[in-house]
Amino acid sequence: ERMLLAATALGLGLASARDIGVPESVQNGYFLGRSGDVIFMPEQLPEDSVMMLLGDAHLNEKVPDTCPLKGVRDIVSQAFGMTGTSERSSFVKDDVFNRPTLNFLVNIHGIGKDTVEKYNLHNINALMGNHATVRLDGISYPRTPLSLSVSLATGEEPNVHGIVADVWQENGNKEQGLFGNNHPEVANIADLVTQYYGDESLAISVSGSYAESRAFAPHKITENTFSYYFDPMSEGFVSAGGSPDLKWSLAETLENIGNSDIEELWTRIKMSGGDVIYNQNDNSFLVKSSASSSNVQLKLEDPVDAMLLAELFYAKTLIKKLATNTKLQTKISDSTPDTISISFRSLDAIENKYGYDSKQYQTALKLFDSALPLIAHKLGELAPSSHLGMIVLMGSPVGLDKKAIAEQVKHLSLSSDTEYLPFLYLKDSVKPSHACRVLRMNLDVESSGIKTFCSSDIDHGDYYSFASVDLMSSSGSSSTNSTVTVEELKKFQIVLWLSLALAFTLLAGVCGFCCMEYERDTLLFSKRRIKEPSRG
C-alpha cells in the first residue's frame with residue numbers, strides 16, 4: 001500500500017510541481033516534515049562546483065566534462081572494484097590487476113570556480129589546470145554544507161537521506177543533522193569500503209565540524225576508524241568515535257610553532273611578498289596575503305577564526321602523522337583499500353560571518369590558495385602510484401537576501417523564526433499556503449531577486465516523504481526511510497502501467513468480439529452442393 005501511495009504521488013505530484021515551475025533541485029532537496037512551509041531561493045545561483053581528479057594511473061585519458069554530485073560515490077566504488085554501483089563510470093579504468101588502494105577526498109565548502117577566478121587564486125587555478133577537472137551538476141537546493149556533504153558521501157539526494165540542513169525544525173523542535181537519531185540510513189563511501197573489505201580498511205574522516213566529520217565516517221566503529229572534529233572548548237581536534245591516536249592540540253602546536261613545519265603551508269604567500277605571523281601577546285595571527293595587501297588579524301579567541309587556522313594546521317599535521325606513524329603507514333601501504341576524507345567548513349563559516357567581499361574572507365581564500373596544493377601533494381605521496389584523489393570545491397556561497405525576507409515576515413506579523421532560512425516554519429495558527437503566497441507576492445512586487453516556493457506546491461511531488469509519513473504514522477519514528485528507492489519506484493511504475501495497458505487491450509479485444517455482427521458463412525452453409533468431378 002505504501003508503495004502504491006508513493007507511486008501514485010510520484011505520477012500526480014510531479015506533474016503539479018512542474019505546472020507551477022518548481023525546479024528539480026528544490027524537489028530533490030525537499031523532505032516532508034523537515035523542509036518547512038516556505039523555501040526561499042535566489043534567482044541567480046552559482047553553478048561553479050567542480051571536482052579535481054588526482055591519480056592519473058587510474059583515470060581514463062578522456063574524462064567527461066560533467067558529473068552529478070551523487071555520482072562521486074560510484075566513481076570510488078568502481079575504482080575499488082566494489083559491486084553494487086548504480087551505473088558504470090567512464091572516469092576510472094577497469095583494471096582488475098591495478099586498482100588504487102587509497103582514496104582521499106578533500107571537500108571545501110564556501111568556494112567555487114567563479115570565486116577562484118574573481119579573487120585570482122592562481123595556485124588553485126593551476127591545480128585545476130594540471131589535473132582533470134569536471135563540473136559537478138545535479139546539485140539540490142538548499143545548498144547547505146552538511147546536506148551537500150551527505151549527498152556527496154552517500155550518492156543520494158536530501159529527499160532520500162533526509163539531512164536537509166545543519167539544523168532544521170521538526171514537530172516544533174530544533175533538530176541537528178547527524179546528532180541523535182538524525183542519521184541517514186544510506187551507506188556512504190567509508191561504509192562501502194569497510195563492509196566490502198572488512199575492518200582492516202582504514203577509514204579516516206576529519207573536519208572542523210562534528211556533523212561534517214560524521215558525514216564521511218562509517219556507521220560501524222572499529223579500531224581502524226578515525227573520526228575527528230575541531231572542539232573550540234579544548235582548542236584542538238578530538239575524536240568523534242574510533243581510535244584516539246590522531247588527537248591534536250592547537251595550544252601545543254602554537255607553543256612550538258617556531259620549530260614546526262606548519263610554516264610550510266604559507267610558502268606560496270611568502271613567495272608573493274606576504275607573510276603569516278603569530279602574535280603570542282594577543283593570541284592571534286597577522287596575515288599579509290601579498291606585498292600589496294593590508295594586514296588582517298585572525299583572533300584565536302574567535303571560534304570561527306580559530307577553526308580556519310586549526311583546519312589547515314591539522315590537515316598538514318594529520319598527513320605527517322600518517323606518513324611517519326609505523327602502524328598507520330603499514331595499513332596504508334597494504335593491499336586493502338583505505339579512505340581519507342578531509343572536509344573544510346571554515347571558509348563557509350568565515351563568509352557567513354564577515355561577508356563575501358570582506359577582507360577576512362579574501363584572506364581566508366589566500367590561505368587556502370597557498371595550502372591546498374601542498375595538502376594535495378602530501379596526500380598523494382602516502383600512496384604514490386596507488387591513489388585516486390578528489391578535491392571538491394563545493395561552490396561559491398549562495399547570496400540569499402535574508403534581511404528582505406525578515407522584513408516581510410515582520411511586516412506580515414508572521415510568528416516565525418528566520419534562524420532556519422532558507423526554510424521558514426509557520427506556526428499552526430497561520431494557514432501556511434496562504435501566508436506563503438502573500439510572501440511570494442510581496443517579494444515579487446519588490447523585485448527582491450528571491451524565488452518563493454510553498455510546501456503545498458511540492459508535498460505531493462515527494463514520494464520519499466510519503467513513505468516516511470506512512471512509516472512515522474505506524475511506528476512513531478521520524479527516522480529517514482530508505483526502503484522505497486528510485487529504482488523500485490521506476491520498476492513499479494513500468495509494471496503498473498504496462499499491466500494496465502495490457503488489461504485494457506485484452507478488455508477491448510473481448511468487447512470487440514462480443515459486439516461483432518455475425519451471419520451464416522456463405523461457403524459453409526451454401527444450399528447448393530458442389531458436384532465433384534467424375535473420376536475416369
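This is a predicted model, so every value here is computed, not measured.
Exactly one residue among Asp417, Leu414, Leu421 makes a side chain to side chain contact (heavy atoms under 4.5 Å, CB included) with Val409. That residue is Leu414.
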(request) Start with the C-alpha distance between Lys118 and Tyr356, add both sets of side-chain angles, then the distance that settles side chain to side chain contact (heavy atoms under 4.5 Å, CB included), and finish with yes or no. (result) CA-CA 11 Å; Lys118 177 177 179 178; Tyr356 186 68; 3.4 Å; yes
(request) Mind running side chain to side chain contact (heavy atoms under 4.5 Å, CB included) on Leu365 and Phe368 for me, showing each step along the way? (result) CA-CA 5 Å; Leu365 288 172; Phe368 270 88; 5.8 Å; no
(request) Applying side-chain hydrogen bond (donor to acceptor under 3.5 Å, both in side chains), run through Asp401 and Ser448 and close with a yes or a no. (result) CA-CA 8 Å; Asp401 192 348; Ser448 60; over 6 Å; no
(message) Between His109 and Glu212, does the side-chain hydrogen bond (donor to acceptor under 3.5 Å, both in side chains) criterion hold? Intermediate values first, please.
(response) CA-CA 11 Å; His109 293 283; Glu212 193 84 21; 3.0 Å; yes
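The two residues Cys67 and Phe91 have their closest heavy-atom pair at CB-CZ, 3.5 Å. Heavy-atom minimum distance, Thr144 versus Ala165: OG1-CA, 3.4 Å. Of all non-hydrogen atoms in Ser147 and Pro158, the two that sit nearest each other are OG-CG, 3.2 Å. Between Tyr141 and Val398 the shortest heavy-atom distance is CE1-CG1, 4.4 Å. Between Leu192 and Ser77, the shortest heavy-atom contact is CD1-OG, 3.3 Å. Across Ser335 and Thr101, no two heavy atoms sit closer than the pair O-CG2, 3.9 Å.
Under 4.0 Å is where a charged nitrogen must lie from a carboxylate oxygen, and between Glu175 and Arg34 no such pair does. Between Lys451 and Asp444 no salt bridge is recorded (no basic side-chain N to carboxylate O distance below 4.0 Å). Lys247 and Asp231 are not joined by a salt bridge, as no carboxylate oxygen comes within less than 4.0 angstrom of a charged side-chain nitrogen. Salt-bridge check for Arg143 with Glu47: passed, with a basic side-chain N closer than 4.0 Å to an acidic carboxylate O.
One side chain, Asn107 or Ser149, offers a donor N or O that lies under 3.5 Å from an acceptor on the other. Looking at Asn188 and Thr154, their side chains never bring a donor and an acceptor atom within 3.5 Å of each other. No side-chain donor from either of Ser213 and Ser205 sits under 3.5 Å from a side-chain acceptor of the other. Checked by atom type, the side-chain pair Ser140/Tyr30 shows no donor-acceptor distance below 3.5 Å.
By the 6.0 Å contact criterion, NZ on Lys353 is enclosed, its count of non-hydrogen atoms from other residues, nucleotides or ligands being greater than 12. Counting non-hydrogen atoms of other residues, nucleotides and ligands closer than 6.0 Å to CD of Glu419 gives a total above 12.
At distances below 3.5 Å, at least one donor-acceptor pair connects side-chain atoms of Asn60 with backbone N or O atoms of Val92.
When side chains are defined from C-beta on, Asp338 does not count as touching Phe104, because their heavy atoms never get closer than 4.5 Å. Asp199 is not listed as a side-chain neighbour of Glu223, based on a closest heavy-atom distance of 4.5 Å or more. Residues Leu312 and Phe344 have side chains in contact (heavy-atom distance under 4.5 Å, counting atoms from C-beta outward). Contact check for Phe226 versus Leu202: side-chain heavy atoms found under the 4.5 Å cut-off.
Classification of the Phe237-Phe230 ring pair by plane angle, with boundaries at 30° and 60°, yields tilted. Classified by interplanar angle (parallel below 30°, tilted 30° to 60°, perpendicular above 60°), the ring pair Phe179/Tyr210 is tilted. A perpendicular orientation is assigned to the rings of Phe423 and Tyr425, their planes being inclined by more than 60° (bins at 30° and 60°).
Rounded to the nearest 0.5 Å, atoms CG (Asp348) and OG (Ser346) are 9.0 Å apart.
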